[in-house]
Amino acid sequence: DAKTTQPNSMESNEEEPVHLPCNHSTISGTDYIHWYRQLPSQGPEYVIHGLTSNVNNRMASLAIAEDRKSSTLILHRATLRDAAVYYCILRTLYNQGGKLIFGQGTELSVKP
Amino acid sequence: EAGVAQSPRYKIIEKRQSVAFWCNPISGHATLYWYQQILGQGPKLLIQFQNNGVVDDSQLPKDRFSAERLKGVDSTLKIQPAKLEDSAVYLCASSDNDLDRGSSYNEQFFGPGTRLTVL
């Protein structure tokens with residue numbers, strides 16, 4: 001699985017949008033971009049995933065660059081509950097049933 | 001729907017002692033994973049089961065760690081003997097993916113983890 005690069009930490013104000021970047025310059029054509037997040041003292045939870053097109057769900061939006069070498073997770077209105085470590089992970093089509101390879105992730109803090 | 005259950009939530013032991021963790025996955029999930037998360041790092045896969053067979057245990061320190069998943073449901077992870085560097089959170093996850101069928105995302109559901117401290 002190809003590697004991703006994320007900032008170690010980011011800060012946001014409550015009720016403002018948050019854009020969490022992820023670089024994956026060595027992504028291959030069969031790699032899906034997945035995001036998981038880990039709230040304090042909990043296990044990780046799935047947020048969103050995509051291949052080429054932008055994706056929206058009830059939790060967040062995923063914007064994927066045209067060349068697919070980077071992506072951005074967008075939280076439209078940050079709440080205190082969104083304070084967590086966010087992991088950007090690549091999974092190949094042929095490894096969708098397999099392990100998640102976690103990096104360091106981005107620790108997001110949200111100020112009231 | 002009940003989530004992934006793990007016990008105990010916390011465990012403190014002396015080095016060279018043994019310890020076991022238990023995981024009950026979401027009902028019907030064929031695949032079960034054990035991850036180790038050292039403080040400040042992302043989780044690292046130790047072992048993956050498909051039903052009661054091992055799919056990937058390449059990162060499991062087999063001289064001291066063992067895991068089993070009897071009857072393809074619950075699983076236990078054991079450390080014997082424990083070392084100081086085994087202090088970590090042990091996470092269990094499950095998913096309902098059928099490896100033969102394949103899928104585009106196969107979401108993994110994680111339990112709350114067991115925090116192990118080795119003194």
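Convention: sequence-line order gives letters A, B, ...; per-chain numbering from 1.
Contact annotation for A/Gln38: only side-chain heavy atoms (C-beta onward) come within less than 4.5 Å of a heavy atom of chain B. Only the side chain of B/Gln37 comes within contact range of chain A, with at least one heavy atom under 4.5 Å from a heavy atom of that chain.
Within a 6.0 Å sphere centred on CG of B/Leu119, heavy atoms belonging to other residues, nucleotides or ligands number more than 12. No more than 12 heavy atoms of other residues, nucleotides or ligands sit less than 6.0 Å from atom CZ of B/Arg115. The local environment of NZ in B/Lys71 is sparse, with at most 12 non-hydrogen atoms from other residues, nucleotides or ligands closer than 6.0 Å. Summarising the local packing, CG of A/Asn8 is surrounded by 12 or fewer heavy atoms from other residues, nucleotides or ligands at distances under 6.0 Å. Crowding of A/Glu45 atom CD: a count of heavy atoms from other residues, nucleotides or ligands under 6.0 Å exceeding 12. Heavy atoms of other residues, nucleotides or ligands lying less than 6.0 angstrom from CD of A/Glu66 number 12 at most.
Heavy-atom pairs under 4.5 Å with chain A peak, among B/Gly113, B/Gly42, B/Pro43, at B/Pro43.
Closest approach of A/Pro44 to B/Leu91, counting heavy atoms only: CD-CD1, 4.0 Å. For the pair A/Tyr87 and B/Gln41, the tightest heavy-atom approach, listed with the atom from each and the gap, is OH-O, 4.0 Å.
Contact of the B/Tyr33 side chain with the A/Leu100 side chain is not registered, since no non-hydrogen atoms from C-beta on lie closer than 4.5 Å.
Checking side-chain atoms of A/Tyr36 against main-chain N and O of B/Gln108 turns up a donor-acceptor pair under 3.5 Å.
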